[in-house]
Peer 1: 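Pasting a structure below so you can have a look.
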Amino acid sequence: MKRKAPLTASIAAALLAAGLIAAAPFASASTAATLPNGAPDIAVADVKAQLANLQTIANNNGGNRYTGRSGYRASVDHVKSEMTALGFTVSEQSFSTSAGTSYNVLAELPGTDTSKVIMLGGHLDSVSSGPGINDNGTGSASLLAVAKAFKAARPTPGVTVRFGWWGAEELGILGSRAYVSSLSSAEKTRIKAYLNFDMTGSPNPGYFVYNDDTNGIALRNLLVQGFTALNVQTEYVDVDGRSDHGSFYNVGIPTGGTFSGAEGYKTSAQAAKWGGTANAAFDPCYHRSCDNSNNINDTSLDRHADVISYALWNLTGTGSTPTPTPTGTGTGTPTSSPTPSPTGGTCQAVTNGTDVAIPDAGAAVTSSITISGCNRNASATTKVTVTIPHTYRGDLRIDLVGPNGTTYRLKTENSSDSAANVNTTYTVNVSAQAANGTWKLKAQDMYSYDTGKIDSWTLAV
Ligand code: PHE
Ligand code: ZN
Ligand code: ZN
Ligand code: CA
């Protein structure tokens, strides 16, 4: 996607100081570019500047950033100082490994609702054989650039945002596992989503998304939506817990991630779709000394960083409290405030992750999602993604109820369908009504014995 990215202030200042651009070019303050959902467009130059810092750290420390070596410690210090300067609350966690002590870095920005935490992370360590610039300088640097742009655009998010840079992933996903096992069950419950970024700038790139278990379907759909907004086709890949998201889904936290490919080979169908070289590795320098600053595809780096920004924006709301609207006929000041709804006021997908138990052979239950600021009708291909754990899914009848009260049947009960769980996306033509308003997912258990709940659902109008 071609975009007009203004020169970032720091680059402009440097060029100005060097006499390379003329002074006083700006008639008014420039506004940062945004993605289609209003999220900050990440300047790839910001990501590359952080990659260069990690390369310098490796150069100054024996050529790597491996666990137990000075290059890893310097990487930790660098991330801590960057995030502290941005105004995040930063902490460090240490844990031991066979190669020596390692460290995780955590950085947090509190939201108006601190009962929910959205987490993003990636590993900061390299293998011993090289500087680890694509694996995983890219994820690490992208998170730094996203943190900076996000904080500037949304200093008080609707929910708490926490970033994690993990140690010793290359020794067996040790850092994220140490972090998750240090959390109380209440702290685990606060984490509503974990998004993982490990290798996003592969020189012969792919655009893969993963979720690895059904709890992460809505997150994966959101990542796909981000790439779609950039006109980039994606493929789902089952990475089978090969990175830090595994530590989170092991304890039931919904996870998703993006990935540009490692040692695997690009097929000719993938080369036709994404460009690059067929029958060659996505990253020929994977885990090798040549995984340096030259081992990066800038377009891939930019797109993946933009998708991180896109997803984080959708998951964190604005945090502002809407002005109460009086509904009665009397005079005076309204006494209750509507709950802020975590949407950016566009047509973006919205998720309700509050659990609703579905009583056995009982009354229908509903879960609501309110769309606002989407000034068109809902589409003919509206997507309803549901995560409903149930011990016998044939018991379930599921409907979508539109703002005008029309009911659309998504699934009919079927007493002979004994499989568990409904984790799927329904496409439904609801173009007869406006997108704005309150939509309900309605679930009813029709037959006695087995039970379940609405775990979460996502509506993309
Ligand atoms: N975690 C792997 C590594 O660091 C790479 C990888 C990332 C594999 C994402 C699959 C998915 O070596
Ligand atoms: Zn690796
Ligand atoms: Zn990696
Ligand atoms: Ca039942």
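Note that these values count all heavy atoms, side chains included, but never hydrogens, waters or copies made by symmetry. We count ligands from 1, going down the list as the structure has it; atoms in each ligand are counted the same way. From a predicted model like this one, the values you see are computed outputs, not experimental measurements.
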Peer 1: Identify, by atom number and element, the atoms of ligand 1 in contact range of Met199, meaning under 4.0 Å from any of its heavy atoms.
Peer 2: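 Ligand 1 atoms under the 4.0 Å threshold to Met199: 5 (C).
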Peer 1: What are the atoms of ligand 1, with element, lying closer than 4.0 Å to any heavy atom of Val239?
Peer 2: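 Those atoms are 10 (C), 11 (C).
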Peer 1: Output yes if Asp198 passes the N/O/S-under-2.8 Å test against the Zn ion (ligand 2); output no otherwise.
Peer 2: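 Looking at Asp198, which is the residue asked about, there is no N, O or S atom under 2.8 Å from the Zn ion (ligand 2).
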Peer 1: Just checking Trp166 against Tyr103, ring centres under 6.0 Å apart?
Peer 2: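 Ring-ring flag for Trp166/Tyr103: false, centres at least 6.0 Å apart.
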Peer 1: Which of parallel (below 30°), tilted (30 to 60°) and perpendicular (above 60°) describes Phe248 and Tyr179?
Peer 2: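 Ring orientation, 0 to 90° scale: tilted.
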Peer 1: Near Glu169, which atoms of ligand 1 are under 4.0 Å from a heavy atom of that residue?
Peer 2: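 Counting from 1, the qualifying ligand atoms are 1 (N), 2 (C), 3 (C), 4 (O).
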Peer 1: State whether Tyr236 and Arg220 meet the cation-pi test: NZ (Lys) or CZ (Arg) under 6.0 Å from the six-membered ring centroid, and within 45° of the perpendicular axis.
Peer 2: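 Flagged: Arg220 positioned over aromatic ring of Tyr236.
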Peer 1: With a 4.0 Å cut-off on heavy atoms, does Asp135 reach ligand 1?
Peer 2: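 Yes; Asp135 lies near enough to ligand 1 that a heavy-atom distance drops under 4.0 Å.
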Peer 1: Kindly report the NE2-the Zn ion (ligand 2)-OE2 angle for His287 and Glu170 respectively, rounded to 10°.
Peer 2: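 It rounds to 110°.
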Peer 1: Using the six-membered ring wherever Trp is involved, compare the ring planes of Phe259 and Tyr210 and label them parallel, tilted or perpendicular (cut-offs 30° and 60°).
Peer 2: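 Correct class here is perpendicular.
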Peer 1: Looking only at the aromatic ring of each residue, does the gap between the centers of Tyr408 and Tyr426 stay below 6.0 angstrom?
Peer 2: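 No, the ring of Tyr426 stays outside the 6.0 Å limit from the ring of Tyr408, centre to centre.
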Peer 1: Which part of Asp198 is near ligand 1, with near meaning a heavy atom under 4.0 Å away: side chain, backbone, both or neither?
Peer 2: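 Both backbone and side chain.
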Peer 1: Quick check for you: with the Zn ion (ligand 3) as the vertex, what angle do OD1 of Asp135 and NE2 of His123 span, to 10°?
Peer 2: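 Answer comes to 90°, rounded to 10°.
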Peer 1: Which of the listed options, Phe197, Phe259, Tyr210, Phe208, holds the heavy atom that is closest to atom 10 (C) of ligand 1?
Peer 2: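 Nearest option to atom 10 (C) of ligand 1, by heavy atoms: Phe259.
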Peer 1: Any carboxylate oxygen within less than 4.0 angstrom of a Lys/Arg side-chain nitrogen, looking at Glu235 and Lys273?
Peer 2: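 Yes, this pair counts.
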Peer 1: Looking only at side chains, do Asp445 and His390 share a donor and an acceptor under 3.5 Å apart?
Peer 2: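 Yes, a side-chain donor-acceptor pair sits under 3.5 Å.
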Peer 1: Measuring from non-hydrogen atoms of Tyr286 to any atom of ligand 1, is the shortest distance under 4.0 Å?
Peer 2: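 In this structure, Tyr286 qualifies as a contact of ligand 1 - some heavy atom is under 4.0 Å.
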Peer 1: With backbone taken as N, CA, C and O and side chain as the heavy atoms from C-beta onward, which portion of Arg242 lies under 4.0 Å from ligand 1: side chain, backbone, both, or neither?
Peer 2: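 The part of Arg242 near ligand 1 is both the backbone and the side chain.
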Peer 1: Checking Asp283 against Asn134: is there a side-chain donor and acceptor pair closer than 3.5 Å?
Peer 2: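 Asp283 and Asn134 do have a side-chain donor-acceptor pair below 3.5 Å.
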